[in-house]
Amino acid sequence: MTSLPAFPSGRRLGLVIDLDICVGCHACAVHCKEWNTGGHPAPLTDRDAYGTDPVGVWLNRIHTFEADEGDDVRTIHFPKSCLHCENAECVTVCPTGASYKREQDGVVLVNEDWCIGCKLCSWACPYGAREYDETEGVMKKCTLCIDRIYNENMPEVDRVPACVLTCPAGARHFGDLGDPRSAVSRLVAARGGHDLMPELGYKPTNKYLPPRPRKTRARDIGAPRRLVPAGNAERLLAKWMDRIFTR
Amino acid sequence: MHPAYSVIFFTTTSGAGYGLLILLGFLSAADALPPHFGLGLAAFGLALGLVTFGLLSSTFHLGHPERAWRAMSQWRSSWLSREGVFAVLVYPAVGLFALGWLVFGRNYGPWAVAGLLAAGLSMLTVICTAMIYFSLKTIHQWHNIWTPPAYATLSVMSGGVLLNALVEIFGLSNPYIAGWVAASIAVAWIAKLFYWRFIDDTEALSTPETATGLRVYGKLRAVEGPHTVDNYLNREMGYHVARRHAADLRRVVHLSAFALPLALTMVSLLFGNSGAAIAATLVAALAASLGLVCERWLFFAEAKHTVNLYYGAEAA
Ligand code: SF4
Ligand code: SF4
Ligand code: SF4
């Protein structure tokens, strides 16, 4: 059923991603791929995986941005997976009923036995969270690790999404964002967590925590304001050294 | 957005077929079309051929064509599903209309009601197609109040040039029909002009800063992507046509889809039932078809999806 739940339970499971902490190591994306290629949306296929034009389905992607100029420039690593939006238009556009949003916890899933592979849901997602699987002919997306978080065959500490479990920096948190007293909701309140593209009205569940303000600026500890390109003499020297060492 | 040939052919061919059905229904009800057997056979054959070919080509781009029937189930929420439902309902209505015309030799009276029903359902199908694009907030250029009017009028005009050619071929020329066709071309041209004006004069709400929520840190630059080779998102939604190139193609559309067919339709309006009018209407139909393929290609190529903001696009 691709209408959104008429009576949502109020539980809104999702992720909180800390942009202050993320080091851009892509470990969460790798574990996501590893878990899910054998899990709910299995398999996540690849083509030409070891060739020159490798392309495949991943449910979690890490972008890297730079903000500002000069010595104030900062690098921000930006993980992005499905945000399990409250107003998920990727679901309402689906003609077959394959895409749905669960009433009990708000998780957005695809029923791959019904999906016709029309790709319209991926057009309707502003965030690029849905990836089409060419080999299987169906749409794939983050499942919030639905086969982990309720999995009674796992020890309780492991009943969290693979990406959250694996992050070596602790930049990803999982919990109920519909409950204002939950640990994730309090974290969002304390750190001023924000939505992505709020202007489109999708009301994403996942929140992003902004990088903290800097305590010391680079120029205060003697760094140059701008990096100057090397002069001719240095360039010649570098070329010569390069020649020596590559021999 | 990547201009996929299956979707370009689906929307232009089925658009022309539905446009032809719309005009057959309305002009019959207005008593402007004689229930001539040859004309009816050719017109219904052409319209149903175009519509059916279009629908089949649209299922080619599905990952699972054998499950296509499921696409009619979610009409409560999905415009794509509604399009499927109306596209199927058109067939029995056209069947009834064609029965009256071809078997009983009548397209007036109660049979005209079947014609109007076929015309109405055809129009609804085209509007549903347009609503699929219009409803996407992710694509500024399509989330444009002129998308549905442009689709609807382009469909009527592309069916119109075909009807005008058929009418001339069967020696049934009549200024009333040519007049309606000329008017439909003019109206479609105006709708498309407003569509392009919206694209040129307005800007998308979303920027790299709103996409990441990092406005306070200053101007953002994407320095490293998540993958080294283009993925599905880049291939499907990252298509980019240069501004200069798009301007050239718009000129082709102005000329081939609108100016030329309009002028040639005027020829048939003034000199109906002549060899020159037959030639003029055939060239008009050909020019309009090529022009509309070009127009539809641009419709996709000029559309920018918000996902590109994560991949270094400065604006959506
Ligand atoms: S992030 Fe995209 S795929 Fe996920 S719920 Fe929101 S719109 Fe749908
Ligand atoms: S690709 Fe599948 S899940 Fe997405 S809209 Fe089409 S049928 Fe629904
Ligand atoms: S919640 Fe699971 S499926 Fe979603 S990004 Fe994390 S690991 Fe991948």
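Numbered from 1 within each chain, the chains take letters A, B, ... in sequence-line order. Worth saying up front: this structure is predicted, and the values here are computed from it rather than measured.
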Report the option among [options] that has the most heavy-atom pairs separated by less than 4.5 Å from atoms of chain B.
options                      : value
A:Tyr208, A:Tyr202, A:Tyr132 : A:Tyr132
A:Met139, A:Glu136, A:Arg74  : A:Arg74
A:Ala29, A:Pro211, A:Ala129  : A:Pro211

Residue pair [X] / [Y], side-chain heavy-atom distance below 4.5 Å:
X        : Y        : value
A:Thr96  : B:Gln74  : no
A:Val138 : B:Arg67  : yes
A:Leu196 : B:Thr210 : no
B:Glu236 : A:Trp123 : yes
B:Trp79  : A:Pro95  : no
A:Pro126 : B:Lys137 : no
A:Val55  : B:Arg235 : yes
B:Pro65  : A:Ile116 : no

With a 4.5 angstrom heavy-atom cut-off, could you sort out which part of A:His77 is near chain B: side chain, backbone, both or neither?
neither
If I compare all heavy atoms of [X] with all of [Y], which pair ends up nearest, and what's the gap?
X        : Y        : result
A:Val93  : B:Leu80  : O-CB, 4.4 Å
A:Phe65  : B:Leu309 : CE2-O, 4.3 Å
A:Glu199 : B:Ser206 : OE2-OG, 2.6 Å
A:Glu131 : B:Asn231 : OE2-ND2, 3.6 Å

Pairing donors with acceptors under 3.5 angstrom, does anything connect the side chains of A:Ser122 and B:Tyr232?
yes
Considering only NZ, NE, NH1 and NH2 on the basic side and carboxylate oxygens on the acidic side, decide whether A:Glu66 and B:Lys219 come within less than 4.0 Å.
no
Could you have a look at B:Val216, B:Thr207, B:Val307 and say which one has the most heavy-atom pairs with chain A under 4.5 angstrom?
B:Val307
In terms of relative ring orientation, are B:Tyr311 and A:His63 parallel, tilted or perpendicular, with 30° and 60° separating the classes?
perpendicular
